[in-house]
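Below is one structure, written out as structure tokens; comments come after it.
Only a predicted model underlies this, so the values are computations on that prediction, with no experimental measurement involved. Note that ligands are numbered from 1 as they come in the structure, with each ligand's atoms numbered from 1 the same way.
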Amino acid sequence: MERLNAILRDPFFIENIRKTNEREKDRVFCRHGLDHLMDAARVLYILVLEEHLEISKETAYTAAFLHDLGRWVEYDTGRDHAEAGAELSERLLDAHGFNGTEKEIILLAIRGHRVKGASGILTDAMYRADKLSRPCITCGSINKCKRFSYGETAEIEY
Ligand SMILES: [Fe+2]
Ligand SMILES: [Fe+2]
């Protein structure tokens, strides 16, 4: 996981996370900082193993750690954070030695992580891991959350 660790130490990665944290400091709904990225990475890799996807641990973890990198851009400009995040992430993947195939898998997963059934061999698992990683059952803002806007109650998801 050397390349992922290099990304996590990269000042450009840290700066993007810092910008999102800053914009979410008063947010009552789910945040998109390192805790979420770590949770999503662990769930994503569980799905990779359970579903026998031919994806390395480092590819899965890297996609998850980068999937919300563009979140602050959406707060600032309204632009879709999946698209913005893919653009920001490409620079990090190039700088830290990910090859063309790895880059394609990771960037498709980032671009498609908000859309059920988007293309890419890791993309649907990324979409599901993103949701499964949220502990909605303990959330104090559930009554105002878009995800539960039709009066559903949260359940632990597996
Ligand atoms: Fe997202
Ligand atoms: Fe996310």
Handout entry: Side-chain heavy atoms of Ile55 within contact of Ile121, under 4.5 Å
Key = yes
Fill in the blank from the handout: Here the ring pair (Phe, Tyr, Trp, His ring centres under 6.0 Å) pairs for residues 104-135, sequence neighbours left out, are His67-His113, His81-His113
Practice task
Check the pair Ile17 / Leu37 against side-chain contact (heavy atoms from CB on, under 4.5 Å), numbers first and verdict last.
Solution key: CA-CA 10 Å; Ile17 298 296; Leu37 305 178; 3.6 Å; yes
Handout entry: Distance (rounded to the nearest 0.5 Å) between Trp72 CH2 and Glu22 CD
Key = 11.5 Å
Handout entry: Interatomic spacing from CG in Leu107 to OG1 in Thr123 - rounded to 0.5 Å
Key = 10.0 Å
Practice task
Give the total of protein N/O/S atoms at a distance below 2.8 Å from the Fe ion (ligand 1).
Solution key: 3
Practice task
Assess His36: does it contribute an N, O or S atom lying under 2.8 Å from the Fe ion (ligand 2)?
Solution key: yes
Exercise for the section: Assess whether atom CD of Glu104 is packed by more than 12 heavy atoms of other residues, nucleotides or ligands within 6.0 Å. Expected result: no
